[in-house]
Structures are given as structure tokens and as C-alpha cells.
Number of protein chains: 2
Amino acid sequence: MKTLQLTSSDRAILVRSRFFARLPHSTVEAILVGATLSSHEEHDVLFRQGDRIDDVFFVLSGLVRLYRLGKEGREADIAVFTKGEMFAENAMFLGHRVTASAEAAEASIILRLDSRKLRQLAAADPEVAQAIIEHLCHRGKMTEDLLAEDRLLTAPQRVASYILSHCPNGSTSFSFRLPFQKNVLAGKLGLAPEALSRAFSTLRQSGVTVKGRMIEIRDRQALERF
Amino acid sequence: MKTLQLTSSDRAILVRSRFFARLPHSTVEAILVGATLSSHEEHDVLFRQGDRIDDVFFVLSGLVRLYRLGKEGREADIAVFTKGEMFAENAMFLGHRVTASAEAAEASIILRLDSRKLRQLAAADPEVAQAIIEHLCHRGKMTEDLLAEDRLLTAPQRVASYILSHCPNGSTSFSFRLPFQKNVLAGKLGLAPEALSRAFSTLRQSGVTVKGRMIEIRDRQALERF
DNA sequence: CGGACTATTGAAGGATATCAAACCGCGTGG
DNA sequence: CCACGCGGTTTGATATCCTTCAATAGTCCG
């Protein structure tokens with residue numbers, strides 16, 4: 001972990017992000033007062049389940065995995081955050097305690113905002129409150145999506161659903177690059193890495209080709225039917 | 001479905017509820033303007049996944065199941081709401097579309113609030129915004145809990161966890177009455193009814209006795225170890 | 001007492017985890 | 001340049017857990 005300076009490209013990521021985009025520049029600046037920047041290597045732990053934290057986190061680059069701990073070192077991923085996403089804002093309203101752990105899933109640069117300041121701003125400025133509300137709704141929907149997919153779909157179906165969520169609607173054939181290691185994808189989908197691998201090979205017969213991180217889809221319809 | 005009048009005991013439930021309790025009476029009254037009350041029988045559908053709705057729902061009595069639909073009529077419960085709980089507040093900030101269906105899981109009395117009005121109030125009154133934020137954080141945590149339990153625990157462990165969440169901390173032996181049918185509990189825990197039944201019988205050897213809706217626990221520690 | 005719904009139990013099959021081994025891509029150092 | 005080693009990935013074999021279907025047992029309420 002190393003402390004850094006906020007660059008102008010960092011600011012560009014901030015103001016384009018879902019959360020900050022809707023806020024005027026002056027408000028963004030107010031939120032940024034007292035923010036700290038740090039760089040982390042893969043597997044660096046940002047916080048642990050049960051910790052008291054007074055920050056809200058924002059990913060400037062890299063990847064962060066949010067997970068709960070189970071017996072015997074088991075871990076269950078709750079979410080994965082990439083560039084431009086904010087997390088651990090829950091803690092700010094739940095007694096500053098986090099109910100999950102977070103670690104960098106690859107080398108990452110993380111911005112830490114002062115959660116007390118943000119909460120004060122939210123109390124004073126309805127626009128900030130509104131932004132937080134919409135952010136929470138979005139996060140809630142993501143978690144519900146995961147839960148519903150876990151309960152309704154088999155492994156290949158979940159993978160198909162993930163692939164389709166990356167498909168520009170309208171195209172019948174397309175390809176894209178996985179934004180992270182298969183390992184991480186497996187965790188996000190609630191699968192063991194082996195199960196993800198097998199799911200991919202099941203989907204091969206529906207026109208999905210996997211080479212490294214590149215995914216290629218021949219027939220979108222076939223996937224949707226799966 | 002039948003339209004009703006808001007009674008004084010209904011008001012009592014409202015002002016004691018997690019969401020309304022923190023707000024001054026005048027604000028509560030403002031939110032209640034234009035609210036409508038309705039009574040539903042078991043299996044009445046309140047809304048369907050994808051519907052456009054302009055209400056926020058509040059359970060005055062009974063039980064509501066929130067669920068997503070899968071292929072071939074499968075359903076996955078996202079949450080179960082009892083007296084004093086509010087739901088579908090998400091839709092208000094996500095284009096007034098609901099991403100899940102809701103139905104009464106037993107005869108219920110439901111209050112419908114005007115979501116446009118509530119959103120306006122939130123924009124004008126930071127106290128209301130704050131209440132909504134905390135409500136969303138709480139809901140988000142509940143959903144995360146479910147997701148984590150699904151991924152980390154076996155059926156008997158999930159049931160044990162559910163039972164323990166009803167245990168007054170400190171006591172070693174206790175008993176309580178299930179707040180709803182086993183059917184509903186199974187859905188909430190993401191299990192088939194048969195699996196719940198088998199889980200209970202597995203837990204018998206850890207000192208759990210089930211008779212009808214009554215659950216009796218002989219040794220709390222034994223459950224925690226499970 | 002009968003009927004309908006709810007819950008339990010049994011048997012069989014399916015899906016995924018787990019363990020173990022082989023494979024691959026890639027950077028390193030000889 | 002090549003052998004080596006390492007981590008990530010794939011594949012195979014097996015075990016576990018849960019669902020599903022079917023049948024039986026309870027329970028509530030008329």
C-alpha cells in the first residue's frame with residue numbers, strides 16, 4: 001500500500017462515474033476534501049468483516065472483490081467492483097461497521113472518501129442524498145439479481161446470462177474480452193472455478209468459443225434459449 | 001381486494017415501524033396524504049415483475065412475498081415482509097418499474113403510498129431522504145445476508161442460522177413460534193419444502209424440536225457449532 | 001367423520017463441490 | 001534459445017447436497 005496524488009485522469013474517472021456524474025463540480029470538490037488515494041497489490045485486504053471504517057471507497061483502477069466469510073476460510077462473493085464504482089457506503093449508515101470483507105483482486109488504485117463528511121453533505125444537500133439513494137437502489141438491484149440467478153439458474157445458464165449482459169442488443173453474433181480472471185468471474189457467479197470451466201465447455205455446443213479472456217458468441221438466440 | 005379506512009391501530013403500526021418511527025408526526029401525515037388501503041387474500045398478486053407502479057407498499061397486517069420469476073413458472077423469493085415493513089421503494093428511483101413480483105402469502109392489509117409524493121418529500125426534506133437511505137441500507141444488508149447464506153451454508157445450517165436469529169442472546173434454551181407457514185420459510189431460505197423438513201429432522205439431533213409452528217431449542221451452543 | 005391442505009418420508013436423479021492430476025501460457029534464468 | 005517453474009485453467013473421478021416425484025401421515029376445520 002502506497003499513498004499517491006490525485007491525477008487529472010483520476011478526476012476524469014470520478015466525474016464520469018455513475019455516482020458523481022449527476023452532481024455539480026462544486027459538490028464533487030466538497031466531497032473530495034480530505035480524500036486519500038492509495039495503491040494496492042493483488043490480495044491486499046482493504047477491510048475485514050466487522051471492522052469499523054469511516055471511509056467510502058471508490059475504485060480508480062483495478063478490481064475489488066467484496067465477500068463474506070464462512071466457516072473454515074470459505075468465502076462468498078457479494079460483488080465485484082471495477083473502475084468508477086463506489087462501495088462500502090452501507091457502513092456509513094449502519095454504525096460504521098462493514099458486514100463484509102474487501103480485497104484487491106488485481107493491482108488497484110483506490111480513493112477513500114471521508115464518510116462523515118459525505119453524510120453531512122447528504123443531510124444538507126438533497127441532491128447528494130438523491131445520488132446516494134439512487135446508488136443504493138442500483139446496488140440493491142444488483143444483489144437481488146445475483147440472488148435470483150443463484151436460485152433460478154444452473155451454472156451454464158448463469159454464465160450465459162453473464163455473457164448476454166455484455167451483448168450489445170441487436171447483434172446476433174459478437175465477442176468481448178472478460179474484464180477479469182476466470183477465477184474472479186467464478187466467484188461472482190457463485191461457482192467453483194472448475195464449475196465455470198465446465199459451464200463454458202457446455203456452452204461451446206451453443207456457439208460460445210473461449211480463448212484466454214476472449215469470449216466469442218456465434219448465435220445470440222441459442223444462448224437466450226439455454 | 002377491498003378498499004378500507006385507515007384505523008387508529010393502523011396508525012399505531014405505522015408510527016412504530018422502522019421507517020416512520022424516526023420521522024415527526026407532521027411528516028408522517030404529509031406522506032400519508034393520498035394513501036390507499038386495501039385488503040387481500042392469500043395468493044392475491046400485488047404487482048408483477050416488469051409492471052409500472054407509482055406506489056410504495058406498506059404491510060399493516062399479514063405477509064407479503066417478493067419474488068422473481070424464472071423459466072417454467074419457477075419462483076425465487078427475494079424477501080418476505082411482515083407487519084410494519086415497507087417495500088417496492090426501489091421502483092420509485094428506477095423508472096417506476098418493479099423487478100420482482102409480489103403476492104400476499106396470507107390474508108393481508110396493505111397500505112399504498114403515493115411514490116411521487118414521497119420522492120418529492122425526500123427531495124425537499126433531508127430527514128425523509130435520510131430515512132429512505134437507512135431503509136435501503138437495511139434492505140441491502142438483508143439481501144446480502146440471504147446471498148451469503150445461500151452460498152456458504154447447507155440447508156440445515158441455514159435453518160439453524162434462522163432459528164438463532166430469533167434467539168434472545170444470552171439464553172441457552174428457548175422456544176418461539178414461526179411467524180409463517182413452513183412453506184414460506186422454505187421459500188425465504190431458498191429451499192424446497194421437503195428440504196426444509198429434512199433440515200429440521202437433521203437438527204433434531206442437535207436439540208431442536210418442531211411441533212406445528214412451535215420451535216423449541218434445548219442447547220443454543222449445539223446449534224451455533226452446526 | 002371427511003376433505004383439503006400441509007408436512008413428512010422414501011427413492012432416484014441431477015447439479016455442483018471437492019480432490020487429484022494433467023495441461024497450458026508465460027516469464028525467468030541458465 | 002530453451003528448459004524450467006509457476007499460476008491459472010481444464011479435465012476426470014467421486015462424493016455430497018439438494019431437487020423432484022410419489023406416497024404416506026398429520027392437522028385443521030367444516
Side-chain angles (χ1 to χ4, degrees), chain A residues 41-43 63 65 70-77 104-107 146 149-162 177-205 208-215 226, chain B residues 41-43 63 65 70-77 104-107 146-147 149-161 177-205 208-215 226:
Chain A
E41 302 188 358
E42 190 171 343
H43 299 130
L63 204 62
R65 212 167 58 85
K71 310 213 180 206
E72 300 163 26
R74 295 177 58 91
E75 302 179 350
D77 285 27
E106 62 182 46
L146 274 188
E149 294 201 343
D150 269 26
R151 291 184 168 184
L152 291 171
L153 305 180
T154 66
Q157 288 173 327
R158 273 180 274 179
V159 175
S161 162
Y162 175 80
R177 185 182 160 80
L178 286 179
F180 31 66
Q181 254 170 255
K182 297 209 179 90
N183 237 338
V184 177
L185 178 58
K188 180 180 156 87
L189 298 179
L191 295 172
E194 298 94 324
L196 176 63
S197 194
R198 284 185 236 273
F200 273 132
S201 81
T202 300
L203 291 179
R204 205 162 30 222
Q205 69 199 43
V208 175
T209 318
V210 180
K211 196 169 266 170
R213 283 197 188 176
M214 286 304 302
I215 311 284
F226 206 88
Chain B
E41 301 188 356
E42 190 171 344
H43 298 130
L63 203 63
R65 213 166 57 84
K71 309 214 180 206
E72 301 163 25
R74 295 177 58 92
E75 301 179 351
D77 285 27
E106 61 182 46
L146 274 187
L147 181 64
E149 294 200 344
D150 269 27
R151 290 183 169 184
L152 291 170
L153 306 180
T154 65
Q157 288 173 327
R158 274 179 272 178
V159 176
S161 162
R177 186 182 158 77
L178 286 179
F180 32 67
Q181 253 172 265
K182 296 209 178 92
N183 238 336
V184 177
L185 177 57
K188 181 180 155 86
L189 298 180
L191 296 171
E194 298 94 324
L196 175 63
S197 195
R198 284 184 236 273
F200 273 132
S201 81
T202 300
L203 291 178
R204 205 163 29 224
Q205 69 200 44
V208 175
T209 319
V210 180
K211 195 170 267 173
R213 283 197 189 173
M214 286 305 302
I215 312 285
F226 206 88

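In what follows, chains are A, B, ... by sequence order, proteins preceding strands, each numbered from 1. Side chains are part of it too, since the values below use all heavy atoms of this structure and drop only hydrogens, waters and symmetry mates.
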Taking donor-acceptor contacts at under 3.5 Å, does the side chain of B:Arg198 reach the base of D:dT20? yes
Is it the case that the base of D:dC17 and the side chain of B:Gln157 share a donor-acceptor contact (distance under 3.5 Å, atom types as modelled)? no
How many whole angstroms separate atom CD of B:Glu194 from atom P of C:dT9? 12 Å
Taking B:Gly212's backbone N and O only, do any of them form a donor-acceptor pair with B:Lys182's side chain (distance below 3.5 Å, no angle check)? yes
Length of the CZ-C1' vector between A:Arg204 and D:dT9, whole Å: 13 Å
d(B:Lys188 NZ, B:Asp77 CG) to nearest 0.5 Å is 9.5 Å
Report the nucleotide, chosen from C:dA7, C:dT9, D:dT19, that has the shortest atom-to-atom distance to any side-chain atom of B:Leu191. D:dT19
Check every atom of C:dT9, D:dT11, D:dC17 against the side chain of B:Thr154 and return the nucleotide holding the closest atom. D:dC17
Spacing of B:Lys211 atom NZ relative to D:dG26 atom P, expressed in whole Å: 12 Å
Check the distance between C:dA17's P and A:Glu75's CD and give it to me in whole angstrom. 15 Å
Of all the nucleotides listed (C:dA17, D:dC18, C:dA15), which has the minimum atom distance to the side chain of B:Arg158? D:dC18
B:Arg151/A:Glu75 salt bridge by N-O under 4.0 Å criterion: no
Using a 4.0 Å heavy-atom cut-off, does A:Arg74 contact any base of the nucleic acid, only the sugar-phosphate backbone, or nothing at all? sugar-phosphate
Taking atom types as they are modelled, is there a donor-acceptor pair under 3.5 Å from the base of D:dG8 to the side chain of A:Arg213? no
To the nearest angstrom, the CZ-P distance between B:Arg151 and C:dA17 comes to 10 Å
Nearest-nucleotide check on DNA chain C, B:Lys182 vs A:Pro156; residue mapping nearer the 5' end is B:Lys182
By the 4.0 Å heavy-atom rule, please label A:Leu196 as base, sugar-phosphate, or nothing. nothing
Specify the separation, in whole Å, of atom CG of B:Leu152 and atom C1' of C:dA17. 14 Å
I need the CZ-P distance between A:Phe200 and D:dT11, as an integer number of Å. 12 Å
Residue A:Lys71 excluded, over 12 heavy atoms near NZ under 6.0 Å: yes
Without decimals, in angstroms, what is the distance between A:Met214 CE and D:dT9 C1'? 18 Å
Has the side chain of A:Gln157 got a donor or acceptor atom that lies under 3.5 Å from a matching backbone atom of A:Thr154? yes
Within the modelled atom types, does a donor on one side and an acceptor on the other bring the side chain of B:Gln181 and the base of C:dC5 under 3.5 Å apart? no
